[in-house]
Amino acid sequence: MGEYYNWVNIDKKEYITPRDFDYGNKFHESMNKDSAPLHALHVLLANEWKGDRVLWLGDERLVSEDFPNAVIQNLYVQTAEFGDSGYTLNLILDTYRNVSCLFKEAEEDVREEIGYYIKDYLELGRLEPYNEYGIDLEHPYEGLFLKSGRRYKYTINHTKKVYYSLDETDILFQNNTKNDFSDPLPILMGYGRVAEPGEWLGDIIGVSDSRPEGYLLLKKLYMDR
């Protein structure tokens, strides 16, 4: 079936999933620069997720306390406290909030999922063990679908003090042919079975329409290794 990925914020204990935006969530499926999941991620990075640690997390690779990265070590601690040694997907699905529901672009799929949740409650008189979207059953859609995703001009690594722009940075394959349709951020921040750990994994990432002063513009980035 393949490995599935979500954008995960380990500090806020929140995530967004491409499937809620009607995109596939295997490693490369929502990498298009104009994809709704990436636009939603940009809005979160500029606002609620600003300054938090975020990664593109696959569901088939165990986290390890021996992996030399603070984000993965933190996930290992959270997973161990949850009582599921190394298998982080259960931690995410059972304790984090899926905030895809905040975006208009995810409304159709999320309304359907919430409808199933309410139907089970009304017909069976019980709730699923975890309320994925964190809804209030009395007002299940209150506060949802109010945000719109958008792309910001600059993607900034505040830890390394570098940034890129899809207008100014050459996005390349290893054979040096240009890629005009993808955003390299999932590769830079990925952690999973089918992807090498990203070079920006664990760094603080932001977005802006203003060029960050004192930071280095990356002239080229590669979409494969």
Side-chain angles (χ1 to χ4, degrees), residues 1-27 29-30 35-45 47-50 52-63 71-72 74-149 186 189-193:
M1 291 179 64
E3 184 176 32
Y4 297 98
Y5 281 73
N6 299 303
W7 286 106
V8 176
N9 180 328
I10 70 166
D11 295 313
K12 290 283 191 307
K13 296 189 175 181
E14 294 177 342
Y15 69 101
I16 57 174
T17 179
R19 64 172 170 78
D20 281 339
F21 297 85
D22 200 27
Y23 276 79
N25 58 336
K26 294 181 183 178
F27 185 73
E29 286 181 331
S30 62
S35 73
L38 276 174
H39 286 193
L41 175 68
H42 269 226
V43 168
L44 290 170
L45 289 174
N47 296 283
E48 291 89 346
W49 288 10
K50 188 174 184 178
D52 293 339
R53 293 169 295 175
V54 176
L55 72 160
W56 180 231
L57 180 65
D59 66 0
E60 292 184 3
R61 181 167 179 174
L62 300 182
V63 293
V71 164
I72 302 305
N74 185 290
L75 273 175
Y76 177 85
V77 170
Q78 289 186 28
T79 305
E81 290 174 348
F82 177 66
D84 199 341
S85 179
Y87 193 59
T88 307
L89 178 65
N90 288 342
L91 167 77
I92 303 300
L93 297 182
D94 289 352
T95 67
Y96 281 38
R97 184 190 180 199
N98 180 353
V99 294
S100 303
C101 60
L102 301 180
F103 290 89
K104 293 177 182 178
E105 294 85 351
E107 181 170 1
E108 182 176 353
D109 285 3
V110 171
R111 274 191 181 275
E112 185 176 6
E113 291 297 320
I114 291 175
Y116 293 142
Y117 184 80
I118 294 171
K119 183 173 180 287
D120 283 349
Y121 175 68
L122 294 176
E123 292 183 355
L124 304 176
R126 64 172 173 80
L127 294 174
E128 291 296 320
Y130 183 65
N131 184 344
E132 177 182 359
Y133 300 103
I135 61 169
D136 176 356
L137 278 173
E138 297 297 321
H139 308 282
Y141 302 107
E142 186 173 315
L144 306 188
F145 318 127
L146 299 179
K147 294 181 178 293
S148 292
M189 301 181 68
Y191 182 84
R193 179 182 59 80

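Along the sequence shown, the residues carry numbers beginning at 1.
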State, with a plain yes or no, whether a side-chain heavy atom of [X] is found less than 4.5 Å away from one of [Y].
| X | Y | value |
| --- | --- | --- |
| I114 | L144 | yes |
| Y133 | E113 | yes |
| V54 | M189 | yes |
| L137 | Y117 | yes |
| L62 | Y87 | yes |
| Y5 | K26 | no |
| L41 | W49 | yes |

How far apart are the closest heavy atoms of [X] and [Y], and which atoms are they?
| X | Y | result |
| --- | --- | --- |
| V43 | N47 | O-ND2, 2.8 Å |
| S30 | L38 | O-CD1, 3.5 Å |
| S148 | K104 | OG-CD, 3.5 Å |
| N131 | I135 | ND2-O, 2.7 Å |

With rounding to the nearest 0.5 angstrom, report the [atom1] to [atom2] distance, [X] to [Y].
| X | Y | atom1 | atom2 | answer |
| --- | --- | --- | --- | --- |
| L44 | K12 | CG | NZ | 10.0 Å |
| L102 | F145 | CG | CZ | 9.0 Å |
| L55 | W7 | CG | CH2 | 8.0 Å |
| F21 | H39 | CZ | NE2 | 11.5 Å |
| D20 | R111 | CG | CZ | 13.5 Å |
| L89 | T79 | CG | OG1 | 10.0 Å |

Assign the ring pair W56 / F27 to parallel, tilted or perpendicular, where the plane angle (0 to 90°) is split at 30° and 60°.
tilted

Backbone N or O of [Y] within a donor-acceptor pair of the [X] side chain at under 3.5 Å?
| X | Y | result |
| --- | --- | --- |
| N25 | P18 | no |
| E132 | N98 | no |
| E105 | A36 | no |

According to side chain to side chain donor-acceptor pair (under 3.5 Å), who are the partners of Q78, at least two apart in sequence or on a separate chain?
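Partners of Q78 under the side chain to side chain donor-acceptor pair (under 3.5 Å) test: N74, Y96.
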
Report the residues that fulfil ring pair (Phe, Tyr, Trp, His ring centres under 6.0 Å) with Y191, sequence neighbours left out, ordered by chain and then residue number.
F67

Test side-chain contact (heavy atoms from CB on, under 4.5 Å) applied to L57 and I10, L75, N6, the passing residue:
L75

Salt-bridge present (E48, K147; N to O < 4.0 Å):
yes

